[in-house]
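Heads up: the structure comes next, in structure tokens.
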There are 2 protein chains.
Amino acid sequence: MKMGQGVEWALHSCVNMSWTPVGEAVSSARLAAFYKLPAAYLNKQLQALVRAGILASVSGPRGGFQLARRPDQISVLDVVLAIEGKDDSFRCEGILKDAPGGAMDVDYARTCLISQTMRHAEVTWRTELSRQTIAGIATSIERRFPDAKEATVRELVGARGQNQPRLA
Amino acid sequence: MKMGQGVEWALHSCVNMSWTPVGEAVSSARLAAFYKLPAAYLNKQLQALVRAGILASVSGPRGGFQLARRPDQISVLDVVLAIEGKDDSFRCEGILKDAPGGAMDVDYARTCLISQTMRHAEVTWRTELSRQTIAGIATSIERRFPDAKEATVRELVGARGQNQPRLA
DNA sequence: GCCGCACTACTCGGATATTTGTTGTCCGAGTCTCTTCGG
DNA sequence: CCGAAGAGACTCGGACAACAAATATCCGAGTAGTGCGGC
């Protein structure tokens, strides 16, 4: 019952990308440097978002990732499911099949009341997450921390022309 | 984001124990045989419920487990937290601490809006599970499958005198 | 000066190790029951 | 016949091993920019 670290990274990355100019991609290396994260692993997580249709990727110089659709069309649930997989966290293994009186041809995930209870709770959880969008979170942050957006954009795209790492 | 198998086993076991006569313990071996589960591993899960104060254990012959309090005082959430641990599934690792402009002495689990969103969704999930009790599920099953309780009790405690035939 | 071409640098993407957590197994400490022996 | 002591068997409890998944890393395929040579 432990959610992968990639969810947190992916959500922050999506919010940041909702601030960068549309059409300009942000490389995973730059995002990773922003948060001091392992670059290759963050890249792996963003790949999952691409497979889910949340991000679009561009190869080569000036390449990277960008949102595949408008931020208000990306829910938090979309991101969570892209990283963690679409399966329910509670998996009913059909424990009743092997119990006395159990039948093989019954879908206990539907009839078992315990399974129903867990599923119902999970539906409320998902509904809650599906109500929140990347755009909503971004505007809330802008309202609460007015400097965050500008500072983030400056750090992510403003450093575009820094090809001189030879500062020694 | 995958819940342990022990949660399902523990919930079924608790419902079954709510049907057995109070004062009589049910051994993990018997419960495991009922569901065709690995006995030692089920025992391990029930130990976690004992540590959480949900079950009480009795050693020796005629020993086993029994509910430590009334079934209507045991919520589904209690069982889930006992098995999976009390921590939130979404762990905010304070990603913003290492970001530009981040401060070490800020509790980002509180201020970070992404963390707040995830936490809020999880609270609704927990609230939903805390509303359901073992007794509630048990009575629902009794209403829906009138034979279940009797069959379960017969299988779990009725086979008590199997080594010594004291059949009436 | 302008165009075309090869070269380089940079990116994603997937294949590959390493660490952590879940699943499963085993044996020991404790205790209740049954048997047996003495009163 | 009755009671108590001892052997036996059954239980939980935690320590140990096997397996799967999350975490972290590395290298190859492809592409856009760049510099150079020719026109």
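Below, chains carry the letters A, B, ... as their sequence lines are ordered, and counting in each starts from 1.
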Distance, rounded to the nearest Å, where A:Met1 contributes CE and D:dA22 contributes P:
14 Å
Run B:Lys86 and B:Asp78 through salt bridge (charged side-chain N to carboxylate O under 4.0 Å, His left out) and show every step you take.
CA-CA 9 Å; B:Lys86 298 175 193 67; B:Asp78 293 334; over 6 Å; no
Taking atom CD as the centre, does A:Glu150 end up with more than 12 heavy-atom neighbours from other residues, nucleotides or ligands that are less than 6.0 angstrom away?
no
Nearest whole angstrom, please: distance from the C1' of C:dT20 to the CD of B:Glu93.
13 Å
Surrounding CZ of A:Arg69 (heavy atoms of other residues, nucleotides or ligands, distance under 6.0 Å), is the total greater than 12?
yes
What is the separation between atom CG on B:Leu37 and atom P on C:dT25, rounded to the nearest whole Å?
11 Å
Hey, could you give me each pair passing side chain to side chain donor-acceptor pair (under 3.5 Å) that has a residue in residues 107-116 of chain B? Not counting sequence neighbours.
none
What is the distance, to the nearest angstrom, from the CD atom on A:Glu24 to the P atom on C:dT11?
13 Å
Whole-Å distance between D:dG33 C1' and A:Arg62 CZ?
10 Å
Okay, side chain of B:Arg91, backbone of A:Lys2: is any donor-acceptor separation there less than 3.5 Å?
no
Generate the contact string for nucleotides 13-21 of chain D. Rules: B means base contact, S means sugar-phosphate contact only, - means no protein heavy atom under 4.0 Å.
BBB------
Can A:Asp88 and A:Arg126 be counted as an ion pair, charged N to O under 4.0 angstrom?
yes
Position toward the 5' end of DNA chain C (nearest nucleotide), A:Ala29 or B:Pro38:
A:Ala29
Can you check the B:Glu84 CD to C:dT22 C1' distance for me, whole Å?
10 Å
